[in-house]
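As a basis for the values below, the full set of heavy atoms in this structure was taken, side chains included, without hydrogen atoms, waters or symmetry mates.
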Amino acid sequence: MRIDVITIFPGYLAPLREALPGKAISAGLVDLAVHDLRTWTHDVHQSVDDAPYGGGPGMVMRCEPIYAAVEDVTARFAPARRILLTPQGTPLTQAVARRLADECPSMLLFCGRYEGVDERVRALFDEELSIGDYVLTGGELGALVVIDAVARLVPGVLGSAESPAAESFSDADLLEYPQYTRPAEFRGLAVPPVLTSGNHGEIARWRGEQARLRTGARRPDLAPRPPGEASASPRRRRD
Ligand code: JB8
């Protein structure tokens with residue numbers, strides 16, 4: 001998968017060169033290119049923002065550099081999906097990450113800053129994504145999260161043992177069951193005996209039960225609901 005990111009802070013994307021996404025890049029499974037938006041400015045100050053029409057606090061990102069950048073990257077790399085990170089976007093879920101990994105051989109992510117982008121910029125994008133109901137100072141952290149979640153689903157990035165398909169539960173339906181490794185007893189805390197029993201049927205049953213119990217206790221919003229029962233009421237967004 002090819003991923004292009006446009007930002008005024010290219011250094012913000014550096015963490016992706018570490019750990020698993022970094023391995024995916026080194027292995028050639030993910031091709032990440034980070035572009036500095038100021039490359040597409042022409043004035044001596046390389047300005048990307050201006051005061052809002054109608055007044056009000058802060059600055060708004062200007063159309064011209066963003067259109068030039070997105071059109072240039074599009075002409076060069078034909079991204080299959082052009083995505084704007086914004087608090088007003090569709091919430092990122094595991095299903096969204098899976099869809100992007102399955103459908104997109106390439107994608108372009110644009111990270112805004114300041115009070116946001118000129119409204120006319122939205123027309124450049126196929127999708128708008130939000131990573132949660134809180135307000136960040138810009139889209140870079142959202143891009144990191146989207147890329148991490150999608151890159152681990154690219155075929156070959158995870159080893160076969162840890163591959164999502166090999167797990168007994170899909171990533172998002174249930175919380176993980178409790179995990180243990182050696183020693184069998186640590187500061188008086190023992191590993192549940194079933195895990196050292198060698199009975200793989202019993203172990204799978206125990207893990208499934210623990211995952212369901214944990215999901216019901218901590219994330220009742222994820223728990224399967226009888227048909228017809230209302231889900232939690234949606235909350236209104238401020239930003
Ligand atoms: C300016 O919280 B966020 C987010 C916040 C932002 C911009 C983009 C995304 C641009 N503030 O997802």
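Here R205 pairs with E202 in a salt bridge; the nearest charged N to carboxylate O distance falls below 4.0 Å.
Between the side chains of R122 and Q88, at least one donor N or O lies within less than 3.5 Å of an accepting N or O.
Residues S47 and T41 fail the side-chain proximity criterion, which asks for heavy atoms closer than 4.5 Å. The closest side-chain heavy-atom distance from V117 to I66 is below 4.5 Å. Side-chain contact check for H35 versus V73: some heavy-atom pair is nearer than 4.5 Å. For the pair F77 and I3, the minimum side-chain heavy-atom distance is 4.5 Å or more.
A donor-acceptor pair under 3.5 Å is formed between the side chain of R38 and the backbone N or O of Q46. In terms of modelled atom types and a separation under 3.5 Å, the side chain of D126 and the main chain of R82 share a donor-acceptor contact. Here the side chain of R152 pairs no donor or acceptor atom with the backbone of L158 at under 3.5 angstrom. Panel note: side chain S130, backbone T90; no donor-acceptor pair is recorded below 3.5 Å.
Listed by first then second residue, pairs satisfying side-chain hydrogen bond (donor to acceptor under 3.5 Å, both in side chains) with a partner in residues 136-147 read T7-E140, R113-T137, R113-E140, not counting sequence neighbours.
V60 and P52 make their closest contact through CG2-CB, 3.8 Å (heavy atoms, listed as atom of the first residue, atom of the second, distance). Closest non-hydrogen pair, P79 versus S106, comes out as CA-OG, 3.3 Å.
Contacts of E18 classified as salt bridge (charged side-chain N to carboxylate O under 4.0 Å, His left out), with partners at least two apart in sequence or in another chain: none. Applying the salt bridge (charged side-chain N to carboxylate O under 4.0 Å, His left out) test to R81 and every residue at least two apart in sequence or in another chain returns E103, E127. Every salt bridge (charged side-chain N to carboxylate O under 4.0 Å, His left out) that R2 has, sequence neighbours left out, goes to D4, D31. Legend: residues meeting side-chain hydrogen bond (donor to acceptor under 3.5 Å, both in side chains) with R182, ordered by chain and number and at least two apart, are absent.
Other residues sharing the hydrophobic cluster of Y180, ordered by chain and number and joined by side-chain separations under 4.5 Å: V191, V194, L195, I203, W206.
The only option from V34, I147, V5, V30 that meets the side-chain contact (heavy atoms from CB on, under 4.5 Å) definition with L16 turns out to be I147.
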